[in-house]
Amino acid sequence: MSLSGLDVDQRARLAPAPAPSRAQLMKAVLCREPFSDPEWLYERKLDGIRCLAIRDGASVRMLSRNDLEGVPK
């Protein structure tokens, strides 16, 4: 996400926050009609494992949506 779209007041409200400790990923939802909106970010679920990469300084963790850490073998 780029911060270039924020105005000065919005940037002034930004504050550092700790890295998340849980994945909290959205679950895929079936629907009858395709959804598209330029204001929304979304992903197409194809195959494999959905994960969230969390960078905290030089450390990187990968969590599944069930908060399992690492990559399955």
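Worth saying up front: this structure is predicted, and the values here are computed from it rather than measured.
By the neighbour-count criterion of 12 heavy atoms within 6.0 Å, atom CZ of R55 is sparsely surrounded, having that number or fewer from other residues, nucleotides or ligands.
Among residues two or more places apart in sequence or in another chain, the side chain to side chain donor-acceptor pair (under 3.5 Å) test is passed with S4 by S2. A search for side chain to side chain contact (heavy atoms under 4.5 Å, CB included) contacts involving Q10 returns L6, D7, R13, not counting sequence neighbours. Every side chain to side chain donor-acceptor pair (under 3.5 Å) that R22 has, sequence neighbours left out, goes to D67.
Rounding to the nearest 0.5 Å places CD of E69 at 10.0 Å from OG of S64. Here the CG atom belonging to L63 is positioned 8.5 Å from the OG atom belonging to S21, to the nearest 0.5 angstrom. Taking CG from L52 and CZ from R61, the interatomic distance works out to 9.5 Å, rounded to the nearest 0.5 Å.
Across every non-hydrogen atom of P20 and I54, the tightest pair is O-CD1, 3.5 Å.
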